[in-house]
Chemist: 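The structure under discussion is supplied below as structure tokens; questions concerning it will follow.
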Amino acid sequence: MPLALLALAVGAFGLGTTEFVMMGLLPDVADDLHISIPTAGHLVSAYALGVVIGAPLLAALTARMPRRTVLISLMALFVAGNALSALAPTYDWLLAARFLSGLPHGAFFGVGAVVATNLVAPERKARSVSLMFMGLTVANIAGVPVATLMGQHLGWRATFLGVSLIGVAAMAAVALLIRGADAPAPVSGLRGELTALRSLPVWLALATTVVGFGALFSAYSYITPMLTDSAGYADSDVTLLLALFGVGATAGNLIGGRLADHAMRGTLFGGLASMVAVLLLFPVLMHAQWSAALAVTLLGVAAFITGSPLQLMVMERAAAGPSLASSANQAAFNLANAGGAWIGGVALAAGFGVTSPSLAGAALAVLGLGVASVAFAVDRRRDVPSTGDRKRVVASHVPEATEPVRT
């Protein structure tokens with residue numbers, strides 16, 4: 001795999017760290033700015049809102065720019081947002097800075113995924129995307145815990161300054177490792193990107209992302225009370241258990257990337273079916289500490305097996321203009337975050353028990369299987385090949401191709 005993928009992974013590591021670290025810093029921020037914990041929680045929502053708005057907007061505004069330039073510019077915006085977060089004198093300023101920090105998130109992952117697939121041969125596309133996403137999953141293992149500890153000992157402002165430095169490192173890595181020829185300006189421009197986004201298969205792929213990952217967030221949003229109230233863990237143990245989720249997510253991401261290059265449809269269906277099984281077992285597994293730790297790890301594996309296939313499915317269905325659709329898929333991930341958390345909260349508020357959000361998540365995963373089935377049925381009717389079929393076509397016509405196919 002090209003070393004240039006490391007540059008994309010560094011950027012993903014920074015984005016993942018700043019996205020999730022706020023959860024651990026809420027008490028410190030609330031005390032320092034003299035606000036309540038629920039009010040501080042709006043800082044999490046502000047980042048997510050920035051992702052949803054910024055992903056399609058920035059992808060559209062930069063549609064004719066060389067993708068290498070786009071990636072560097074997005075990282076510069078990321079650095080500015082986190083630096084302003086560190087310097088924010090009031091809650092309102094911090095809220096605006098968090099929104100600004102979220103704007104480049106989806107577009108970076110979306111454009112980065114397109115660049116990653118341009119760097120490799122067709123039969124390695126899913127693996128290239130998974131290696132970029134590995135920066136996000138590793139952030140949950142190392143970046144978020146370290147940044148949280150930094151905030152608790154040096155102050156939450158130091159955390160955001162540290163994340164800004166990660167952004168600077170990502171800018172340097174992109175500039176040095178990704179050549180202009182690897183990330184040219186899109187040929188289609190904004191018109192082609194918008195035309196690709198009007199396709200029914202693209203919207204079905206995006207819907208699969210929303211529903212499928214909504215299943216994850218329905219349970220994961222309430223994982224702390226499950227671990228403490230049902231499994232009997234102490235509050236101080238939760239951070240380590242969440243790191244186990246990151247380990248599972250990293251493993252699932254790498255497994256999904258490798259399998260999807262051989263059979264994208266089978267990998268996606270297998271990942272969603274695995275999520276159904278794990279979430280249905282959650283109420284049983286949460287009765288003992290050892291099995292609860294296993295459940296958290298397995299949830300990370302099952303959920304992130306689907307990450308690369310979902311991203312690649314959207315990009316393939318929008319082959320004429322993949323940057324905007326790929327970025328829109330990142331907005332879909334955040335809609336899944338918000339929608340899944342809401343549905344899990346409804347189950348919890350209805351009095352069905354502390355583990356009930358996992359059962360709501362299982363229902364969403366079943367719905368995700370249904371949407372994915374419809375999506376592939378539409379593909380068959382339109383003769384749209386999946387990754388495995390496309391690889392066989394390429395192999396039969398270009399048996400000795402050694403150079404990566406550029407899109």
Side-chain angles (χ1 to χ4, degrees), residues 126-127 129-130 133 137 201 204-223 226 244-286 291-314 316-317 329 332-333 335-337 339-340 343-344 347 355-380 384-389:
R127 268 174 283 183
V129 173
S130 71
F133 280 0
T137 59
L204 287 172
L206 292 173
T208 305
T209 297
V210 172
V211 180
F213 263 79
L216 165 65
F217 289 111
S218 178
Y220 188 68
S221 300
Y222 304 97
I223 196 69
M226 291 188 207
L244 285 179
F245 174 83
V247 172
T250 301
N253 175 54
L254 293 174
I255 293 169
R258 179 168 289 275
L259 293 178
D261 278 327
H262 297 285
M264 184 173 67
R265 183 181 311 176
T267 303
L268 178 57
F269 285 169
L272 289 171
S274 299
M275 196 146 42
V276 173
V278 171
L279 290 171
L280 286 176
L281 288 172
F282 246 61
V284 176
L285 296 175
M286 283 293 161
S291 57
L294 177 63
V296 171
T297 307
L298 290 177
L299 180 62
V301 175
F304 278 84
I305 281 177
T306 65
S308 297
L310 283 171
Q311 187 73 34
L312 194 60
M313 185 168 75
V314 170
E316 288 190 343
R317 274 51 179 177
N329 196 46
F333 278 117
L335 289 175
N337 190 339
I343 291 173
T355 59
S356 61
S358 67
L359 299 180
L364 283 174
V366 171
L367 181 59
L369 279 168
V371 176
S373 298
V374 172
F376 282 112
V378 170
D379 288 344
R380 281 199 302 269
V384 178
S386 65
T387 297
D389 295 333

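For clarity, every value in this text was computed on a predicted model and none was experimentally measured. Sequential numbering from 1 along the given sequence is applied to the chain's residues. These numbers come from the heavy atoms of this one structure, side chains and all, not from hydrogens, waters or symmetry mates.
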Chemist: Which atom pair, heavy atoms only, marks the closest approach of A365 to V276?
Modeler: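 Scanning both residues, the minimum pair turns out to be CB-CG2, 3.4 Å.
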Chemist: So which atom in P309 and which in T267 form the shortest heavy-atom distance, rounded to 0.1 Å?
Modeler: CG-CG2, 3.7 Å
Chemist: Of all the heavy-atom pairs spanning N253 and F133, show the shortest one and how long it is.
Modeler: OD1-CB, 3.6 Å
Chemist: Measuring from M286:CE to L294:CG, what's the distance to the nearest 0.5 Å?
Modeler: 9.5 Å
Chemist: Return the CG to CG distance between L259 and L268, rounded to the nearest 0.5 Å.
Modeler: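 With rounding to 0.5 Å, CG (L259) is 12.0 Å from CG (L268).
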Chemist: Would a 4.5 Å heavy-atom cut-off, applied to side chains only, mark F376 and T208 as touching?
Modeler: no
Chemist: Any chance you could lay out the side-chain contact (heavy atoms from CB on, under 4.5 Å) test for F217 and L364, step after step, and finish with the verdict?
Modeler: CA-CA 10 Å; F217 289 111; L364 283 174; over 6 Å; no
Chemist: Just so I know, are the side chains of M226 and P357 near enough to count as touching, which here means a heavy-atom distance under 4.5 Å?
Modeler: yes
Chemist: Determine yes or no for a side-chain-to-main-chain donor-acceptor pair under 3.5 angstrom, with S218 supplying the side chain and G214 the backbone.
Modeler: no
Chemist: Heavy atoms, side chains only, cut-off 4.5 Å: are F245 and L216 in contact?
Modeler: yes
Chemist: Tell me if a side-chain donor or acceptor on D261 pairs with a main-chain N or O of R127 at a distance below 3.5 Å.
Modeler: yes
Chemist: Rounded to the nearest 0.5 Å, what separation is found between the OG atom of S308 and the CD1 atom of I255?
Modeler: 11.5 Å
Chemist: With V247, which residues qualify under side chain to side chain contact (heavy atoms under 4.5 Å, CB included), at least two apart?
Modeler: I141
Chemist: With side-chain contact (heavy atoms from CB on, under 4.5 Å) as the test, would you mind laying out the steps for L359 and L280 before giving the verdict?
Modeler: CA-CA 6 Å; L359 299 180; L280 286 176; 4.2 Å; yes
Chemist: State, yes or no, whether a side-chain contact exists between F213 and N337 at a heavy-atom distance under 4.5 Å.
Modeler: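 Not touching, per the 4.5 Å side-chain cut-off.
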Chemist: Quick one: does Y222's side chain get under 4.5 Å of S358's, heavy atoms only?
Modeler: no
Chemist: Give the minimum heavy-atom separation between A205 and V314, together with the two atoms involved.
Modeler: CB-CG2, 3.6 Å
Chemist: Got a second to check how far R317's CZ is from L312's CG, nearest 0.5 Å?
Modeler: 8.5 Å
Chemist: Do M313 and L206 have side chains that approach each other closer than 4.5 Å (heavy atoms only, starting at C-beta)?
Modeler: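 Not touching, per the 4.5 Å side-chain cut-off.
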Chemist: Looking only at heavy atoms, what is the nearest atom pair of A295 and V278, with distance?
Modeler: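 It is O-CG1, 4.2 Å.
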Chemist: Hey, can you pull the donor-acceptor pairs under 3.5 Å for the side chains in residues 297-305, sequence neighbours left out?
Modeler:
{"from": "T297", "atom 1": "OG1", "to": "A293", "atom 2": "O", "distance (Å)": "3.0"}

Chemist: What's the shortest heavy-atom distance between L279 and A215, and which atoms?
Modeler: CD1-O, 3.8 Å
